[in-house]
There are 2 protein chains.
Amino acid sequence: MDLKQDIKLAVDIVIFGYEERQLFVLLIKQKYGKYKGRWLLPGGFVKNKEGLKAAAIRELKEESGVVVDDLEQLFTFGDDVKRDHRGRVVTVSYFGTVKPSSMKLKAATDSIDAKWFTIESISDLPYDHNQIVETAFNRLKSKLNYQPIGFNLLSKKFPFSDLENLYMTILQSPIDRRNFRKKILSFDFLEETDELLSKGSGRPATLFKFNKKKYQSSLKRGINFEIKFA
Amino acid sequence: MDLKQDIKLAVDIVIFGYEERQLFVLLIKQKYGKYKGRWLLPGGFVKNKEGLKAAAIRELKEESGVVVDDLEQLFTFGDDVKRDHRGRVVTVSYFGTVKPSSMKLKAATDSIDAKWFTIESISDLPYDHNQIVETAFNRLKSKLNYQPIGFNLLSKKFPFSDLENLYMTILQSPIDRRNFRKKILSFDFLEETDELLSKGSGRPATLFKFNKKKYQSSLKRGINFEIKFA
DNA sequence: ACAAAAGTGTTAGACCTACACCCATGG
DNA sequence: CCATGGGTGTAGGTCTAACACTTTTGT
C-alpha cells in the first residue's frame, strides 16, 4: 500500500430545480477559505467511514437544507492535478432533481446562504464548477430523451402543459403539443386524475400523476421510453 | 481542510477484446498481498501528481503491457466502505477496447501474468471486481446501440461479417444481415476498399475501413447513430 | 365577446422488419 | 459438384412529423 499517497476526496452536487418555465441550479455561498463569499456548488470532503453517495447527500443537506433520498453519480474529476488550490483534490460529482417550492433552503456549516440560480446566470464559478454544471446539464438533457426523469421536478399532480414546458425549457426547443401528448400517454405511466386546475384565464387543465409502478413494470417488460423531438 | 481524511484512491481498468466471435476481458495475476496468485482487473493506486485517466493508462501498461491512448471513465466505486480489506479505498473504474491480436501481453510490477478471459468464464474475482466488469459490460452493450464503438475491436480493414459477428456476440442475439448492412452503410462512415479477403472456403469478402473523419463530420451535423435490433 | 390555455385526428412519408436466393471461392 | 460464407431487394406494417380548429374558462 502506497503510504505516501496524499489525495483528498470530495463530492460536489448539482441539483436542478424547475419552476415557472425556468431551470435552476442550487448554489451555496461559501463561509470560509479562499472563496469566502463566492457562490459555488454544494459539496465537501468525504468522511473516512462514509459512502460516497452518503457524503453527497449529507453535504447537500448541511449546506443547503435540501433533502433528497437519491442522487446519481455523474463523473469523477481528477485529471487536472491542480483543479483545487488546496492541494490534490479529486471530486466525485453527483446530480439530482428537486421541486424548488417543496424545499426550504437553509444554510449551515460551511455555507452562509443557499439560493437557486437560473442556468444561464451562472458563470465564473470557482474551481472547475462550471464544467461540472455543464456536464450535469448535458446529462439531464440526454436523460430526458430516454427516461421519464422530469417527474421529480414537478408537483405530484400536474397539468400536461407543465410537462410540455419542462421539456421545452430543458431541451431549449419547441415541441409539438399533440405529438408530445400522444407519445407520453402511449407509454402508459401517467394516470389521469379527476381533478382540474385553473390558473388564471383559459380552460382548466386535468391533472395527471406519475404512476411509478406502471413505469417499472413496463421497464421490466423491456419497453423503451425514447422520446425524440426536433 | 480535513487533515484526518484517510482514504486511498485507486483506478481499475476493464479492457475488452474481441477475436473469433468471442468477447474477452483482460485480467492480471496478482504478485503480492492477500490476493497473490489470483486473477483480477489491472489497476492500482493513483500517484499524487498524476491525473486519474493517466494513472489508469499507466497501470494498465505496467501490469499487462497493453497500451491504449484513451480510456473512458466508467464509475467510481466507493459506497461500500469495506470494499477493500486494506482500509478505505475508493476506485475510479475505466473501460477500453482493444484488438487482442495487436497486443503482446507482458506482465510487470505488481503482476506475474496477464491473460484474456472470455466474459462468461470470469466469476469470483476479488474485491468488487465482478461488479465492475458487469458495469463495464452493460456500458459496452448500451454504447453499441448509439456509437460506432466496435471499430477498436476489429482490424483496420475488416470484412462486413466481422462487424455482424461482433454485434451478435456482444448483444447476444442474432441480427438480420441484410438490414444490419443497410443500416450501417446508410450512416456512411464505412469506406469500401478494393481489397478482398478469403478465409478458407466461401466467397471472398470485400474489406471495409472506418472513416473517422466522415464519422465526426456526421456527428457535428447532429446525425444519430442509433442501431436497434431484436 | 375576447383573450388565454387546454384538448383533440388525420395524412403522407420515413423507417423498420421480415424474408430467400444467387454468387464466388476452396476443397 | 458440393460446402461455405458473401452479397443483395422488396413489400407490409409501424412510427413519425406536420399541421389548425374547437372547448372551456376568466375578465
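The analysis underlying the following values was restricted to heavy atoms, covering all of them including side chains, and did not include hydrogens, waters or symmetry mates. In the text below, chain A, chain B and the rest are named by the order of the sequence lines, each starting its count at 1.
Put simply, the side chain of A:Thr193 gets close to the backbone of A:Leu207: a donor and an acceptor are under 3.5 Å apart. For A:Gln73 (side chain) and B:Thr76 (main-chain N/O), a donor-acceptor pair under 3.5 Å exists by modelled atom type.
Separating the CZ atom of B:Phe158 from the C1' atom of D:dG6 is a distance of 15 Å, rounded to the nearest angstrom. Remark: C1' of D:dC19 and CD1 of A:Ile175 are 16 Å apart, rounded to the nearest angstrom. With rounding to whole Å, B:Lys199 atom NZ is found 11 Å from D:dG7 atom P. The distance between atom CG of A:Leu185 and atom P of C:dG9, rounded to the nearest whole Å, is 12 Å. Atom CD1 in A:Ile184 sits roughly 15 Å away from atom C1' in D:dT16 (whole-Å rounding). For B:Asn224 and D:dC15, the CG to P distance is 19 Å, given to the nearest whole Å. Between the CD atom of A:Glu195 and the P atom of D:dT25 there is a distance of 16 Å, rounded to whole Å. For the pair A:Leu197 CG and C:dG7 P, the computed distance is 10 Å after rounding to whole Å.
B:Phe225 and B:Phe189 have their aromatic ring centers within a separation under 6.0 angstrom.
In this structure, A:Lys183 forms no cation-pi arrangement with A:Phe187, as its terminal cationic atom is not both closer than 6.0 Å to the ring centre and no more than 45° off the ring axis.
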Between the protein and nucleotides 12-16 of chain C, list every N/O to N/O distance that falls short of 3.5 Å.
from, atom 1, to, atom 2, distance (Å)
C:dC16, OP1, B:Lys183, NZ, 3.4

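If you take NZ on A:Lys199 and OG on A:Ser161, they are separated by 4.5 Å, rounding to the nearest 0.5 Å.
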Going 5' to 3' along nucleotides 19-27 of chain C, which nucleotides have protein heavy atoms under 4.0 Å from the base (write B), which only from the sugar-phosphate (write S), and which from neither (write -)?
BB--BBBS-
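In this structure, A:Thr206 does not reach the C:dA6 phosphate: none of its side-chain N or O atoms is under 4.0 Å from OP1 or OP2.
With A:Phe158 as reference, A:Phe151 is the one residue of A:Tyr18, A:Phe208, A:Phe151 to meet the ring-ring contact (aromatic ring centres under 6.0 Å, His included) rule.
Side-chain atoms of B:Lys99 and B:Ser101 include a donor-acceptor pair closer than 3.5 Å.
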Going through the distances and angles, do A:Arg83 and A:Asp128 end up as a salt bridge (Lys or Arg N to Asp or Glu O under 4.0 Å)?
CA-CA 7 Å; A:Arg83 53 175 295 281; A:Asp128 47 6; 2.7 Å; yes
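In terms of heavy atoms, A:Ser93 sits closest to A:Ile132 at CB-CG2, 3.8 Å.
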